[in-house]
Amino acid sequence: MKEQFQLKVLDILKRKHFEHAAVIAGHDGLSRVVKWVHVVEVTSIRNLLKGQELILSTGVAWKDNSNQFVSMVKEFIDNNAAGLCIELGTYITDIPGEVLELANNQQFPIIIFQQEVPFVEITQDIHSVIINQQYQKISDLENYSQSLNKRLLTIESHEEILQFIFSALDVQVIFRLKNGEYEFVPDIPPSSQAVILEQLAKKQSDEHFAVAPIFLFGQEFAELSIYSPDIPISEYDLLILDRTATALAQHLLRELYVEEKKRAEEFEWLQGWLAGEHSLEDIYDYLTENGCKTKGNEAAVLITKLIPLKEKSISDVTYLKLLFRSVFEQNGFTVFFVEKRNELTFILLNNRAKRNLKERIKKAIVSLEESEFIRKQGSAKFIIAAGKVSESLCDVHKSYLTAKETLKIQQKMTQKQSHYFYEDLHLYRLISQLSKYTDLQELAAEYLQPVIQYDKKYNAKLLETLKAYLECNGSKQETSNKLFIVRQTLYHRLQKLENLLGEDFMEREKRVAIEFMLLVHDYLAASQPGKIGQAK
């Protein structure tokens with residue numbers, strides 16, 4: 001440590017009023033720091049001393065009582081006084097042996113004046129030194145602060161600030177980031193780091209160790225510590241530590257602002273890409289700026305919707321994004337993503353052959369579903385909607401629109417999977433488009449209303465039977481097995497269906513129409529629960 005000048009008992013012995021003074025006990029304590037001088041001529045001093053005072057006394061308060069003398073010296077020591085100066089001759093002629101023994105054992109200096117000395121002049125002299133010393137500290141501190149503030153204008157990383165405080169104090173500097181990682185300036189071996197971190201974890205008060213938390217937005221964001229194994233940390237060191245922590249807070253806040261602004265600009269640009277606002281040249285320029293090299297022009301958009309379970313909050317979205325990026329990159333994609341509430345939109349740029357692009361996306365999704373993080377994730381589940389593959393980077397917005405359509409349809413399907421591709425939805429895409437222009441509820445009611453009403457009145461399960469019968473391609477044996485009913489019960493239900501739908505309900509065109517309307521019914525039931533079946 002670059003030691004700041006501190007007035008010690010040894011230095012005071014060199015002042016002019018101590019020319020004829022003698023140290024008679026506590027020689028090992030002459031390096032004690034003196035912060036003030038105090039004249040004591042009373043027997044009760046507990047509320048008078050704050051620590052590190054040099055005591056001046058004539059001993060009048062205990063001149064005839066050696067026990068009182070010993071007791072007073074014990075109080076001086078307990079209150080961390082720097083030393084005791086006694087004028088001999090006026091009230092005291094010698095120092096009791098018990099006092100000398102106590103002072104030697106506690107390394108507490110006792111200095112005697114063999115003749116009368118001017119306590120006022122001693123006090124003025126020493127206080128002037130102390131005041132000048134404090135003024136110099138304030139001046140040094142101000143210079144440090146000004147230099148640090150100037151550097152803040154050009155500093156690019158917090159490591160430069162850590163190096164700056166190390167240069168000023170020559171102590172071990174420890175910096176803990178929000179993510180829990182530690183940085184040491186200067187760098188030291190891992191074994192030495194472990195010893196210091198063990199002390200840091202205890203959070204114990206230590207004259208060789210000081211900690212300054214760094215707060216941003218009302219929360220502890222980082223922590224700056226200094227460690228001096230040899231020389232105790234001074235008040236000046238603590239002030240330097242405090243100023244440096246403030247500078248670090250300003251720098252980290254600026255970094256966060258720059259990062260947030262960059263994220264906002266990136267979000268805005270990617271939103272423009274998804275909206276089809278950028279030319280191919282703009283897109284290539286953006287990819288080049290971000291160090292991305294694509295081997296093809298194919299791209300696909302995936303929308304991942306995070307669904308909180310119960311009332312839990314979604315735990316670690318950041319880790320989820322890193323996981324998605326890692327898995328898709330392993331399967332040959334460059335990944336960009338846009339986060340919006342509980343929805344993550346991924347733009348996947350193909351880096352391999354086009355022929356197995358869809359299979360690689362499927363493989364990546366399966367890997368995600370089987371990952372340990374997803375399986376242990378107890379706060380949310382997710383569904384993935386994959387848009388149509390675009391042949392050009394300019395057509396990413398088309399893939400995005402189909403991904404949104406896939407997500408919309410996916411949320412209205414009765415038999416939900418964790419992921420769907422737009423091109424695999426077939427009839428559901430047709431239903432979604434028809435729903436924009438046609439009253440599908442009325443159309444479905446035209447075919448299925450008699451069956452729905454009958455089920456509602458008699459709880460006959462005819463609609464369930466109709467679905468199973470069509471799925472089994474009219475096989476009575478397979479249908480009865482699927483429904484877990486005897487064939488006689490099935491015959492009875494099929495007869496009811498013929499009466500309600502007509503004897504020709506299994507003929508090709510009508511059958512296709514009924515199958516389609518069953519899908520429409522399920523689609524509408526998911527989007528308008530409670531209203532299906534009420535049309536007349």
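Side-chain atoms of Arg243 do not come within 3.5 Å of backbone N or O of Ser145 as any donor-acceptor pair. The main-chain N or O of Ser234 is found under 3.5 Å from a side-chain atom of Asp237 such that the two form a donor-acceptor pair. Although no hydrogens or angles enter the test, the distance criterion places no donor-acceptor pair under 3.5 Å between the side chain of Gln410 and the main chain of Ile383. Asp242 places no side-chain N or O within donor-acceptor distance of the main-chain N or O of Leu238, the cut-off being under 3.5 Å. A donor-acceptor pair under 3.5 Å is formed between the side chain of Gln172 and the backbone N or O of Pro186. Between the side chain of Thr123 and the backbone N or O of Phe119 there is at least one donor-acceptor pair closer than 3.5 Å. Of the possible polar contacts, none joining the Thr58 side chain to the Glu87 backbone as a donor-acceptor pair under 3.5 Å is found. At distances below 3.5 Å, at least one donor-acceptor pair connects side-chain atoms of Asn104 with backbone N or O atoms of Leu100. Counting only distance, with no hydrogens or angles, the side chain of Trp36 and the backbone of Ile130 share no donor-acceptor pair below 3.5 Å. Of the possible polar contacts, one joining the Asn290 side chain to the Tyr286 backbone as a donor-acceptor pair under 3.5 Å is found.
Salt bridge Lys35/Glu235: present, at least one basic N to carboxylate O contact under 4.0 Å. A salt bridge links Glu220 with Arg176: the distance from a Lys NZ or Arg NE/NH1/NH2 to an Asp or Glu carboxylate oxygen falls below 4.0 Å.
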Can Leu302 and Leu348 be said to form a side chain to side chain contact (heavy atoms under 4.5 Å, CB included), step by step?
-> CA-CA 8 Å; Leu302 268 64; Leu348 306 180; 3.7 Å; yes
Verify side-chain hydrogen bond (donor to acceptor under 3.5 Å, both in side chains) between Ser390 and Glu298, making sure each step is shown before the conclusion.
-> CA-CA 5 Å; Ser390 301; Glu298 301 84 26; over 6 Å; no
When you look at Thr334 and Glu329, which way does the side chain to side chain contact (heavy atoms under 4.5 Å, CB included) test go after all the steps?
-> CA-CA 6 Å; Thr334 298; Glu329 285 179 349; 6.0 Å; no
Would you please test Glu160 and Arg151 for salt bridge (Lys or Arg N to Asp or Glu O under 4.0 Å) and show each step?
-> CA-CA 9 Å; Glu160 295 180 54; Arg151 283 176 174 256; 5.5 Å; no
List the steps and the verdict of side chain to side chain contact (heavy atoms under 4.5 Å, CB included) for Leu349 and Ile347.
-> CA-CA 7 Å; Leu349 308 187; Ile347 303 174; 3.9 Å; yes
Could you walk me through whether Asn80 and Gln52 pass the side chain to side chain contact (heavy atoms under 4.5 Å, CB included) test, one step at a time?
-> CA-CA 6 Å; Asn80 196 31; Gln52 297 184 309; 3.9 Å; yes
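Of all non-hydrogen atoms in Leu162 and Ile165, the two that sit nearest each other are O-CG2, 3.2 Å. What you find for Pro109 and Gly29 is that their closest heavy atoms are CG-O, 3.3 Å. Of all the heavy atoms in Leu252 and Ile214, the pair that sits closest is CD1-CG2, 4.3 Å. The heavy-atom pair separating Trp62 from Ser57 by the smallest distance is CH2-OG, 3.4 Å.
Just one of Ile126, Ile111, Val37 meets the side-chain contact (heavy atoms from CB on, under 4.5 Å) condition when paired with Ile12; it is Ile126. Residue Tyr227 forms a side-chain contact (heavy atoms from CB on, under 4.5 Å) with just one option from Ile196, Val173, Val195, and that option is Ile196.
Between Thr345 and Phe336, the closest side-chain pair of non-hydrogen atoms is not below 4.5 Å.
The aromatic rings of Phe18 and Phe113 are tilted relative to each other, their planes meeting at an angle between 30° and 60°. By the 30° and 60° cut-offs, the orientation of the rings of Phe328 relative to Phe324 is tilted.
Ring-centre distance between Phe164 and Tyr144: below the 6.0 Å cut-off. In this structure, Phe346 has its ring center no closer than 6.0 Å to that of Phe333.
For the pair Arg325 and Phe337, the cation-pi test (distance below 6.0 Å, angle within 45°) is failed.
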